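When a ligand or atom number is given, it counts from 1 through the structure's own listing order. For clarity, every value in this text was computed on a predicted model and none was experimentally measured.
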Amino acid sequence: MRKPDGKIVLLGDMNVGKTSLLHRYMERRFPDTVSTVGGAFYLKQWRSYNISIWDTAGREQFHGLGSLYCRGAAAIILTYDVSHPQSLLELEDRFLGLTDTASTDCLFAIVGNKVDLVEEGATEGREEDGPGPGTAGSGGSPKVPKLVQLEDAVALYRKILKYKMLDEKAVPAAEQMCFETSAKTGYNVDLLFETLFDMVVPMIVRQRAQGPPQTVDISSHKTPRRTRSGCCA
Ligand SMILES: Nc1nc2c(ncn2[C@@H]2O[C@H](COP(=O)(O)OP(=O)(O)OP(=O)(O)O)[C@@H](O)[C@H]2O)c(=O)[nH]1
Ligand SMILES: [Mg+2]
């Protein structure tokens with residue numbers, strides 16, 4: 001298997017829909033999920049590059065693993081549930097610190113999932129994949145109030161830039177990196193992942209131009225010949 005060229009990590013509280021978003025994008029469906037244990041990844045070929053997308057567990061007991069998964073990440077998707085304000089607060093309080101191990105030029109996307117559940121429509125004009133937030137596919141489930149607005153996510157994005165000491169002019173604009181999605185209907189899901197892939201590819205190209213990676217490719221590593229004394233030749 002070829003080593004992934006870039007890595008994207010999904011972070012966020014339990015139950016916000018990280019696994020469902022990944023299933024919707026990779027498998028084009030919305031299956032029943034069980035709460036993730038540890039983490040898992042998918043490989044996506046985008047142009048001529050292999051991008052790994054890591055799904056992580058939101059449950060507190062797996063919290064320690066988060067920074068391991070983020071190591072060297074080119075992009076991180078911070079996910080919350082639009083009907084649960086606490087899930088947005090958790091991103092700042094509990095998850096942002098885990099991203100310190102990511103690549104120095106790591107991109108951040110903030111994603112409010114489950115818009116199909118809420119009364120108010122999501123941002124208009126971004127629906128390029130899948131029906132609207134609360135239309136076909138929502139199964140007529142009773143609507144709940146939308147308790148987190150897109151502006152709240154934009155405010156968090158700006159806080160992240162401050163925390164990372166990044167210049168707002170040197171990174172993608174908040175409006176470009178804050179999404180509202182529904183893993184259930186597919187709303188904005190392709191847009192989310194494919195926007196990030198398109199942003200990650202130039203980073204890969206730049207990293208390659210800067211020199212070989214600092215990691216060892218074990219598939220091309222020859223086992224050293226042993227001498228009679230037992231030392232390596
Ligand atoms: N209505 C609706 N339900 C969703 C959506 N996304 C996920 N769910 C439901 O929310 C629950 C949790 O989804 P998961 O994808 O397992 O959540 P998770 O973030 O991976 O949770 P952990 O693995 O515990 O961190 C499941 O019952 C999903 O069916 C969505 O867009 N709309
Ligand atoms: Mg999960």
Side-chain angles (χ1 to χ4, degrees), residues 8-42 52-70 73 75-99 108-123 126-150 153 156 178-193 196:
I8 296 179
V9 183
L10 279 149
L11 285 183
D13 208 357
M14 63 181 287
N15 214 38
V16 296
K18 300 175 296 297
T19 303
S20 303
L21 283 167
L22 206 41
H23 278 152
R24 165 60 73 192
Y25 182 69
M26 295 300 296
E27 296 167 6
R28 324 305 294 168
R29 56 194 192 98
F30 179 67
D32 286 342
T33 53
V34 286
S35 188
T36 305
V37 172
F41 78 98
Y42 278 91
S52 59
I53 316 171
W54 285 82
D55 181 22
T56 62
R59 272 195 276 167
E60 188 89 50
Q61 71 196 97
F62 297 110
H63 194 62
L65 294 175
S67 56
L68 283 179
Y69 289 119
C70 288
I76 291 178
I77 302 175
L78 292 165
T79 318
Y80 66 94
D81 173 341
V82 289
S83 62
H84 274 101
Q86 186 60 28
S87 67
L88 184 78
L89 295 177
E90 292 284 320
L91 290 179
E92 187 182 348
D93 293 349
R94 196 150 72 85
F95 292 96
L96 187 55
L98 301 178
T99 66
F108 290 87
I110 304 182
V111 175
N113 189 41
K114 304 197 187 181
V115 279
D116 61 280
L117 281 181
V118 297
E119 274 157 6
E120 189 203 317
T123 333
R126 299 191 74 181
E127 183 186 342
E128 285 165 24
D129 50 317
T135 56
S138 57
S141 19
K143 300 279 176 191
V144 295
K146 185 177 182 209
L147 296 175
V148 191
Q149 308 306 323
L150 196 58
L156 174 62
C178 296
F179 298 81
E180 288 185 323
T181 59
S182 167
K184 185 167 183 173
T185 68
Y187 179 75
N188 273 346
V189 175
D190 285 0
L191 179 72
L192 162 68
F193 285 103
L196 285 181

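Under 3.5 Å, the side chains of T33 and T19 contain no donor-acceptor pair of N or O atoms.
Interface of S20 with ligand 1, defined as ligand atoms under 4.0 Å from a residue heavy atom, comprises 6 (N), 7 (C), 13 (O), 14 (P), 15 (O), 28 (C). Shown in contact with A183 at under 4.0 Å from a heavy atom are these atoms of ligand 1, numbered in order with element: 6 (N), 30 (C), 31 (O). Set against the non-hydrogen atoms of A57, the atoms of ligand 1 under 4.0 Å away are 25 (O). Residue-ligand proximity, M14 to ligand 1, at heavy-atom distances under 4.0 Å covers atoms 21 (O), 22 (P), 24 (O), 25 (O). Listed by number with element, the atoms of ligand 1 under 4.0 angstrom from any heavy atom of S182 are 31 (O). Set against the non-hydrogen atoms of T33, the atoms of ligand 1 under 4.0 Å away are 13 (O), 14 (P), 15 (O), 16 (O), 26 (C). Contact atoms of ligand 1 toward L117: 1 (N) (distance under 4.0 Å to a heavy atom of the residue).
By the criterion of a heavy-atom distance under 4.0 Å, the side chain of N113, and not its backbone, is placed next to ligand 1. Counting heavy atoms under 4.0 Å from ligand 1, residue D116 touches it through the side chain alone.
Side chain of T56 to main chain of L10: a donor-acceptor pair is present (N/O by atom type, distance under 3.5 Å, no hydrogens or angles). At distances below 3.5 Å, at least one donor-acceptor pair connects side-chain atoms of N113 with backbone N or O atoms of A183. For K143 (side chain) and D116 (main-chain N/O), a donor-acceptor pair under 3.5 Å exists by modelled atom type. Side chain of R24 to main chain of K184: a donor-acceptor pair is present (N/O by atom type, distance under 3.5 Å, no hydrogens or angles).
Taking only nitrogen or oxygen atoms, main chain and side chain alike, T181 does not reach within less than 3.5 Å of ligand 1. For ligand 1, the polar-atom distance check against N15 finds a nitrogen or oxygen pair separated by under 3.5 Å. Considering backbone and side-chain atoms together, G58 places an N or O closer than 3.5 Å to an N or O of ligand 1. Residue contacts with ligand 1: F30 is placed with no nitrogen or oxygen under 3.5 Å of a nitrogen or oxygen of the ligand (distance criterion only).
A side-chain contact (heavy atoms from CB on, under 4.5 Å) with S182 holds for exactly one of V118, V189, V115, N188; it is V115.
Put simply, T36 gets within reach of the Mg ion (ligand 2), with an N, O or S atom under 2.8 Å from it. Among the backbone and side-chain atoms of T19, an N, O or S atom lies under 2.8 Å from the Mg ion (ligand 2).
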